[in-house]
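Data block below; observations after.
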Protein chains: 2
Amino acid sequence: MKQLPRISQAEWQVMKVFWTKPLSTANDVIDALSDDAEWKPATIKSLINRLVKKGALGFKQEGKVYLYYPLVTEEECLQAESKSFLQRLYGGALKPLLVNFLKHEDLTKEDIEELKQILNERKS
Amino acid sequence: MKQLPRISQAEWQVMKVFWTKPLSTANDVIDALSDDAEWKPATIKSLINRLVKKGALGFKQEGKVYLYYPLVTEEECLQAESKSFLQRLYGGALKPLLVNFLKHEDLTKEDIEELKQILNERKS
DNA sequence: ATCTTAAGATTACAAGTGTAATCGGATTAT
DNA sequence: ATAATCCGATTACACTTGTAATCTTAAGAT
């Protein structure tokens, strides 16, 4: 399996935009993230550059601008991050993690039903 | 609420020792972590020092050595980390996180029953 | 009284991160 | 043609992190 580049927190924000809408330009990302208005445009461009260097993003030139696209899927990154999180904080024990999240976070009645459904389906 | 120092991954390993056994000496930690033999003793001392500076550990002198102890609970740190993880990777949506973990990680039949129990208890 | 030892304190240093400004070349407007 | 603009590339810089060696000082050994 291809080995994933490691994506930092700030970079993750940027990746999310590309995962949601691949073949975006740098400006698309800047727009997409402008609501939160957390970063200067230059910052976002820096992050995009790093992601390209890390091999997390590819691009093709379209006229004068680049259209960037993810080279790694959100699924696999999420998987990897989640796994390392589980390992690091809960020593790899899934149940305590789940218990913790179940206890402290918000769930609707429907969510709960759905989760029980999932639990039922995975017998073992 | 007291604001938590931010504890890095390597530091977390060290904190775990103190959470498990408060009032440990630096050498206790070195011993405790020597199985994994990942770090030189000097490294562990560095980490302890940083944790003291960050306000994550306190200590009292006992004869010639220091007995260190956590100034923050594992519970609150876990809580904070988990929350930020949830926010960062899943945009704060608990269900996708749970679904992901439920789908990909290992659970025994008993675990599953227990989780369903928890779900039942928290009607909403 | 000295010498050794061991503990905490200080210093080191490269890599990664957050955050951003500036440079250089191409494109568009005048 | 020339000037203004825009975009990606390069450079910047402080802070954190991983990893560890060295320094200082006090206690214990001889």
Whole-Å distance between [N] [atom2] and [X] [atom1]?
X	N	atom1	atom2	result
A:Gln61	D:dC6	CD	C1'	14 Å
A:Ile44	C:dA21	CD1	P	13 Å
B:Trp12	D:dT17	CH2	C1'	16 Å
A:Leu57	D:dA9	CG	P	12 Å
A:Asp28	D:dG8	CG	C1'	15 Å
A:Ile48	D:dC7	CD1	C1'	11 Å
B:Leu33	D:dG18	CG	P	14 Å

So which of B:Arg6, B:Arg50, B:Lys54 actually passes side chain to side chain donor-acceptor pair (under 3.5 Å) with B:Glu11?
B:Lys54
Does atom CG of B:Asp35 have more than 12 heavy-atom neighbours, drawn from other residues, nucleotides or ligands, at distances under 6.0 Å?
yes
A:Lys83 and B:His104, any side-chain heavy atoms less than 4.5 Å apart
no
Summary of protein contacts for nucleotides 6-18 of chain C, nucleotide by nucleotide, where a base hit scores B, a sugar-phosphate-only hit scores S (4.0 Å, heavy atoms)
-BBSB-B----BB
Has the side chain of B:Gln87 got a donor or acceptor atom that lies under 3.5 Å from a matching backbone atom of B:Ser84?
no
Plane angle bin for B:Phe85 and A:Phe101 - parallel if under 30°, tilted between 30 and 60°, otherwise perpendicular
tilted
In terms of hydrophobic clustering (I, L, V, M, F, W, Y; side-chain heavy atoms under 4.5 Å; direct or indirect links), are A:Phe59 and A:Val65 co-clustered?
no
